Asker: 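I have a structure here, written as structure tokens, and I will follow up with some questions on it.
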Amino acid sequence: MRVLGLDPGSRACGWGVVESRGRELVLVEAGTIRPPARGEFAQRLLFIYQHLAELIARTAPAEAAVEGVFSAGNLRSALLLGHARGVALLAAAEAGLSVYEYPPAQVKKALVGVGRADKEQVRAMVARLLGRGGRMGLDTSDALAVAITHIHSRTLRGL
């Protein structure tokens, strides 16, 4: 099973493709989409959408998993995040992928065992599970964490 994990944002959209081969998790590809900071917001969303559509076509995941909404303290930030999430969901749906959402606390608990784990702890566990020694960005590690959570969730449900 090949899963695309997404951590959407309008300034940085983390993504990672993980494949399960029996009990082994294999990192296919991962990165962060960073649209140009200047320019119209709609153009940043288009940039994210185009890059997601291309990577979905290139990596051929079977399903997508997206980090769920968390309570943002700033209303404007929450709205911008909502637009970026919408673009990510659209790219996945347009490619015919089933999309699953996982709340951040559930992802943290699944990987670290604690729902209030910090991003560094999540990144360390992702690196350990995928055998990836080098540093990866937090947006990328969050996306990979969502993909891993989805794979483990499918296994627990017997799918």
Side-chain angles (χ1 to χ4, degrees), residues 1-35 45 47-72 81-82 84-159:
M1 165 69 53
R2 188 174 274 200
V3 175
L4 168 64
L6 294 168
D7 179 27
S10 62
R11 294 180 187 207
C13 179
W15 62 273
V17 179
V18 177
E19 188 171 309
S20 65
R21 297 179 187 160
R23 303 188 103 217
E24 181 184 14
L25 294 174
V26 178
L27 173 63
V28 176
E29 253 184 87
T32 301
I33 299 168
R34 293 189 188 282
L45 294 176
F47 185 92
I48 293 167
Y49 169 80
Q50 289 172 332
H51 281 75
L52 286 175
E54 186 276 325
L55 83 87
I56 290 169
R58 184 178 73 248
T59 62
E63 296 177 342
V66 182
E67 186 169 80
V69 178
F70 64 95
S71 58
L81 174 62
R85 282 179 46 78
V87 165
L89 295 174
L90 173 63
E94 184 178 59
L97 303 179
S98 294
V99 179
Y100 301 85
E101 294 189 47
Y102 296 91
Q106 183 180 347
V107 173
K108 292 173 182 180
K109 185 168 177 107
L111 263 74
V112 181
V114 179
R116 292 183 179 249
D118 66 34
K119 288 182 172 282
E120 291 293 336
Q121 291 172 300
V122 172
R123 176 166 51 187
M125 186 55 77
V126 166
R128 182 172 179 217
L129 290 171
L130 296 177
R132 184 173 174 155
R135 298 286 289 174
M136 70 183 93
L138 293 173
D139 297 304
T140 302
S141 64
D142 282 354
L144 289 166
V146 176
I148 293 167
T149 298
H150 180 62
I151 290 169
H152 287 162
S153 176
R154 286 183 57 79
T155 301
L156 291 172
R157 291 191 317 253
L159 300 176

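Side chains are part of it too, since the values below use all heavy atoms of this structure and drop only hydrogens, waters and symmetry mates. Predicted, not measured: the structure shown is a model, and the values here were computed from it.
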Asker: Taking C-beta and beyond as the side chain, do S153 and Y102 meet within less than 4.5 Å on heavy atoms?
Answerer: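 SC-SC contact between S153 and Y102 confirmed.
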Asker: State, to 0.1 Å, how close A147 and G16 come at their nearest heavy-atom pair, and which atoms those are.
Answerer: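 Looking at all heavy atoms of both residues, the shortest contact is CB-O, 4.3 Å.
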Asker: Hey, are the side chains of R85 and E67 touching, using non-hydrogen atoms and a 4.5 Å cut-off?
Answerer: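 Side chain of R85 against side chain of E67, heavy atoms only: no contact under 4.5 Å found.
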Asker: Determine the minimum heavy-atom distance between S10 and P35, stating which atoms define it.
Answerer: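 The answer is O-CG, 3.3 Å.
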Asker: Which pairs, with at least one residue in residues 137-147 and sequence neighbours excluded, count as a side-chain hydrogen bond (donor to acceptor under 3.5 Å, both in side chains)?
Answerer: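 Residue pairs with at least one partner in residues 137-147: T32-T140, K119-D142.
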Asker: Nearest 0.5 Å, please: how far is NZ in K108 from CD in Q121?
Answerer: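 It is 9.0 Å, given to the nearest 0.5 Å.
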Asker: Hey, is CZ on R2 packed in by over 12 heavy atoms from elsewhere, all under 6.0 Å?
Answerer: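 Counting other residues, nucleotides and ligands, CZ of R2 exceeds 12 neighbours.
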Asker: Look only at the side chain of E94 and the backbone of A91, and say whether a donor-acceptor pair between them is shorter than 3.5 Å.
Answerer: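 The answer is no, because no donor-acceptor pair under 3.5 Å joins these two groups.
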Asker: Can you check side chain to side chain contact (heavy atoms under 4.5 Å, CB included) on L25 and H152, steps first, answer last?
Answerer: CA-CA 10 Å; L25 294 174; H152 287 162; 4.0 Å; yes
Asker: So do the side chains of L6 and V99 get within less than 4.5 Å of each other, counting heavy atoms only?
Answerer: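 In short, these two side chains do not touch, never coming nearer than 4.5 Å.
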Asker: Got a sec: does the CZ of R58 have more than 12 other heavy atoms crowding it under 6.0 Å?
Answerer: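 Yes, because the 6.0 Å sphere around CZ of R58 holds more than 12 heavy atoms from other groups.
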Asker: Give, for atom CD1 of I148 and atom CG of L130, the distance between the pair rounded to the nearest 0.5 Å.
Answerer: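 Rounded to the nearest 0.5 Å, the CD1-CG separation comes to 4.0 Å.
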Asker: Looking at R128, R123, M125, which hits side-chain contact (heavy atoms from CB on, under 4.5 Å) with L111?
Answerer: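 The passing option is M125.
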Asker: Please give me the minimum heavy-atom distance between E101 and G68, naming the atom from each residue.
Answerer: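 Heavy-atom minimum between the residues: OE1-CA, 4.1 Å.
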Asker: Could you check whether any side-chain N or O of H51 sits under 3.5 Å from a backbone N or O of F47, counting only pairs where one atom can act as donor and the other as acceptor?
Answerer: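 Yes, H51 side chain to F47 backbone: donor-acceptor pair under 3.5 Å.
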Asker: Given side chains that start at C-beta, do those of M136 and V126 come closer than 4.5 Å, heavy atoms only?
Answerer: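 Contact flag for M136/V126 side chains = yes.
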Asker: For R34 and A12, work out which heavy atoms get closest and say how close.
Answerer: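 Between these two residues, the closest heavy atoms are NH1-CB, 3.3 Å.
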Asker: Return the CH2 to CD1 distance between W15 and I48, rounded to the nearest 0.5 Å.
Answerer: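 W15 CH2 to I48 CD1: 14.0 Å, rounded to 0.5 Å.
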Asker: With heavy-atom distances below 4.5 Å as the criterion, would you say the side chains of D7 and V146 are in contact?
Answerer: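 Not touching, per the 4.5 Å side-chain cut-off.
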Asker: Who pairs with R23 by side-chain contact (heavy atoms from CB on, under 4.5 Å), at least two apart in sequence or on another chain?
Answerer: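 side-chain contact (heavy atoms from CB on, under 4.5 Å) check on R23 returns nothing, list empty.
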Asker: Taking only residues two or more places apart in sequence or in another chain, which ones pass side-chain hydrogen bond (donor to acceptor under 3.5 Å, both in side chains) with R21?
Answerer: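 By the side-chain hydrogen bond (donor to acceptor under 3.5 Å, both in side chains) rule, R21 matches E19.
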Asker: Begin with the C-alpha distance, continue with both residues' side-chain angles, and end with the deciding distance and a verdict on side chain to side chain contact (heavy atoms under 4.5 Å, CB included) for L129 and V18.
Answerer: CA-CA 11 Å; L129 290 171; V18 177; over 6 Å; no
Asker: Take T59 and L4 through the side chain to side chain contact (heavy atoms under 4.5 Å, CB included) test and state the conclusion after the steps.
Answerer: CA-CA 9 Å; T59 62; L4 168 64; 5.6 Å; no
Asker: When you compare the side chain of P8 with that of V66, does any pair of heavy atoms fall below 4.5 Å?
Answerer: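 The answer is yes; the side chains approach within 4.5 Å.
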Asker: Considering all heavy atoms of both residues, which atom of L97 and which atom of E63 are nearest to each other, and what is their separation?
Answerer: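 Closest approach of L97 to E63: CD2-N, 4.2 Å.
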